[in-house]
Amino acid sequence: MLKIQNLSVYKNDKKLLNDINIEIKNKEIVAIMGPNGSGKTTLSRAVINDPELKKEGKIFLDDLDITDLPTEEIAKYIYVAHQSPPEMEYIKTSILLKYLGIDINDIKEYVNKLGLPKDLLERAVNNRLSGGEKKKFELLLMLPKKYKVIILDEIDSGLDIDSLNTVNDIILEKSKESSIIIITHYTRIFKKFSPDRVYILYNGKVVYDGGGEIIEKIDKDGYRIFKD
Amino acid sequence: MDTEFLKISKESQWFESKYKPELELKGELSEDIVKTISEIKEEPEWMLKNRIDGLKAFRKLDIPDWGPEINIDFNNLIYYALPTIYPKPVKWEELPGFIRETYRRLGLTKEYIEKYLGGAVLQFDSSPIYEKINKYLDSLGVVFTSLDTAIKEYPELVKKYFGKVISPYENKFAALNTAVWSGGVFIYVPKGIEVDIPLHAYFRINLENVGQFERTLIIVEEGAKVSYVEGCSAPIYSTGSLHAAVVEAYVHKGGELNYYTIQNWSKNVYNLVTKRGYGEGNNIIRWVSLELGSKVTMLYPSLVLNDNSIGEIYSLSYATDGQILDTGGRLFIKGKNVRATIVSKGISIGEKTEAKSVNRTDVKIFKGAENSYVKSSCESLLIGKGIAESIPRFEVYEDKTYYNHEAKMEIIDKEKLFYLKSKGISEKEALKLAVFGFFEDVTEKLPDIYRLEIKRLLDIELEKYGGIG
């Protein structure tokens with residue numbers, strides 16, 4: 001269970017998140033939605049303790065207080081598929097995989113399935129990958145290991161419809177062993193399945209905490225329904 | 001005459017006052033000092049003449065008006081000290097703490113050092129491998145000795161080649177070296193001989209090769225082939241503030257030379273070094289260096305290439321807080337059908353203060369160097385407060401030729417470190433990945449003995465990294 005308790009987050013003295021309370025049970029699929037700039041990505045970065053962010057409040061993973069654990073420690077339990085992964089010019093993908101203890105044979109099938117470039121392993125990390133391909137690479141890296149929580153940050157943006165279907169399959173498969181948090185401002189990823197619960201973030205605050213029925217409403221009227 | 005001629009009886013200074021030279025020549029550089037050095041070494045007249053030429057050039061030339069700032073008080077330098085083996089603490093306890101720590105990390109214990117290194121910091125004395133290698137080299141007719149010994153045993157060879165590749169007028173520090181050089185290596189490979197093991201400075205005993213003004217001379221005869229590895233496992237602490245070495249290599253027709261070096265002086269030293277290989281034609285000359293130590297380094301290994309030759313220069317540098325490593329390479333393309341490359345790669349890791357690496361490449365293609373292909377590239381990897389500069393230069397006098405320059409820069413910023421941390425990789429490991437990845441395309445081409453040494457030394461350097469995040 002991931003429990004975010006009274007969390008406020010600051011960057012350079014600017015308050016980005018305000019008194020957030022979120023609870024995600026084991027193997028739940030939870031959506032965190034909201035318009036651009038509402039604090040969704042900040043939340044995912046705060047969970048894995050981005051040293052650039054200042055925090056008030058607590059974050060627990062089961063009974064473990066992970067609020068101030070180093071990012072690389074938290075990474076043992078929580079996987080974040082980043083919204084905009086950086087290119088690492090001089091780090092070869094195959095070397096990164098080796099460092100992460102990932103056996104290439106375990107992921108080969110998915111390199112093809114996800115439509116990632118055949119020379120992926122020989123390339124530098126994220127080098128010459130399109131936005132959609134970077135997202136797929138983020139998914140690829142989480143496949144061989146078992147995590148308590150997986151956070152997918154805007155995983156659906158930049159993906160074509162076929163890829164989106166593959167991604168949906170992967171999410172459903174992974175949800176058998178992990179809690180999944182889907183961060184998105186689109187609703188289209190929920191055409192094939194519904195999240196167990198939805199949180200709506202607006203201006204750094206949780207303004208909705210409830211069932212998936214809200215998605216249809218957002219689809220129709222947009223996030224402005226949460227204005228004040 | 002301001003010359004100070006000091007017979008030292010009381011304790012003088014080498015790190016923590018443990019080094020006692022019997023004789024020190026210091027003060028304003030004069031003909032007296034130069035003559036005295038030559039006399040002590042019982043040199044022939046022609047070598048003294050070389051030294052005097054060096055002195056004249058030294059007086060005429062200024063320090064470079066470009067590049068890093070150089071503050072050296074030439075009137076306060078020790079030009080010669082007896083014994084010339086530089087810091088040579090006798091006991092483990094006398095080694096500075098950081099050197100002890102380095103040896104420990106290299107897996108060398110106090111007992112090992114005292115037993116096998118005879119207390120010397122550098123030389124692997126009297127090991128069986130040394131004798132074996134000597135016998136083998138003798139059977140090939142290869143000479144691998146100190147330059148001082150070579151002057152006595154092979155005077156004609158030294159006389160013929162000394163200063164032939166690097167003139168004292170090359171720069172002020174080459175001039176200074178010519179005037180006061182001591183220590184250094186002499187290598188001679190006879191016609192047609194291919195030496196299939198890399199010659200390593202470790203294999204030689206009593207090379208006085210850790211002096212400030214060492215001089216190395218390499219001669220490769222027609223069709224001969226040799227690799228030379230010059231380097232040191234541990235940082236060498238120097239009392240002198242200046243290291244001004246000269247390395248010259250003359251490669252006859254069809255000869256092949258691979259020169260590998262690691263510079264790891266302590267971080268209080270100006271390392272202003274001149275190195276050049278000359279090829280008569282049909283040569284393969286490969287020149288690789290890794291610069292780790294010193295406060296300021298200026299080193300631009302250069303190759304002079306004639307017809308049908310392949311020349312490669314790989315300059316690697318790793319600068320941390322407070323260091324300026326200004327390096328790269330120079331190519332002089334004089335003949336037809338030359339294939340030549342300079343790859344200059346600098347890492348700058350500034351944790352608390354600036355660290356700077358400069359990639360300086362200089363290519364001159366002479367008229368008549370038809371059908372030559374020359375490529376240069378400058379690459380920088382920046383971390384924290386590290387900064388870098390790339391300064392390429394081309395001078396081309398031949399139309400029927402091809403040349404190209406590339407420059408690349410990669411910054412490992414907090415965002416990239418965060419990304420790797422979020423995958424479970426610590427900052428130190430992340431840095432390791434980046435540093436080894438950055439050098440990989442060069443290091444994978446190197447012989448094991450050199451590549452492993454680089455890896456070991458970088459591992460030690462990277463251990464010291466505290467983080468910028």
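Because the structure is predicted, anything quoted here is derived from the model rather than measured. Naming: A, B, ... by sequence-line order, numbering from 1 per chain.
Counted within 6.0 Å of NZ on A/Lys148, heavy atoms from surrounding residues, nucleotides or ligands total 12 or fewer; the atom is thus considered open. Counted within 6.0 Å of NZ on B/Lys375, heavy atoms from surrounding residues, nucleotides or ligands total 12 or fewer; the atom is thus considered open. Counting heavy-atom neighbours within 6.0 Å of B/Glu406 CD, excluding the residue itself, gives a total of 12 or less. The environment of NZ in A/Lys11 is sparse: at most 12 heavy-atom neighbours from other residues, nucleotides or ligands sit within 6.0 Å. Residue B/Tyr403 places its OH atom among 12 or fewer non-hydrogen atoms of other residues, nucleotides or ligands, all under 6.0 Å distant. Around atom NZ of A/Lys55, more than 12 heavy atoms belonging to other residues, nucleotides or ligands sit under 6.0 Å away. Counting non-hydrogen atoms of neighbouring residues, nucleotides and ligands closer than 6.0 angstrom, the CZ atom of A/Phe193 exceeds 12 such neighbours. Dense packing is recorded around CG of A/Asn112, with more than 12 heavy atoms of other residues, nucleotides or ligands lying under 6.0 Å away.
Among the candidates A/Val125, A/Thr71, A/Leu141, A/Leu96, the single residue satisfying the side chain to side chain contact (heavy atoms under 4.5 Å, CB included) test with B/Lys423 is A/Leu141.
Closest non-hydrogen pair, B/Ser422 versus A/Ala75, comes out as O-CB, 3.4 Å. Residues B/Lys416 and A/Glu87 share a closest heavy-atom pair of CE-O, 3.3 Å.
Interatomic distance, CD of A/Glu72 versus CG of B/Leu417, reported as 10.0 Å (0.5 Å rounding).
Aromatic ring pairs are classed by plane angle as parallel below 30°, tilted from 30° to 60° and perpendicular above 60°; the pair A/His82 and B/Phe418 is perpendicular.
Looking at A/Met88 and B/Leu420, their side chains come closer than 4.5 Å, going by heavy atoms from C-beta outward. A 4.5 Å side-chain heavy-atom check between A/Ile95 and B/Phe436 finds every atom pair outside the cut-off.
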Verdict with supporting geometry, A/Glu73 and B/Lys421, salt bridge (Lys or Arg N to Asp or Glu O under 4.0 Å): CA-CA 8 Å; A/Glu73 272 298 304; B/Lys421 283 183 202 171; over 6 Å; no
For A/Arg45 and B/Glu415: C-alpha separation, side-chain torsions, deciding distance, then whether salt bridge (Lys or Arg N to Asp or Glu O under 4.0 Å) applies. CA-CA 11 Å; A/Arg45 296 181 72 118; B/Glu415 186 59 27; 2.8 Å; yes
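In this structure, a donor-acceptor pair under 3.5 Å is present between the side chains of A/Tyr90 and B/Glu379. Side-chain contact check for A/Tyr99 and B/Lys432: no donor-acceptor pair (N or O, by modelled atom type) lies under 3.5 Å.
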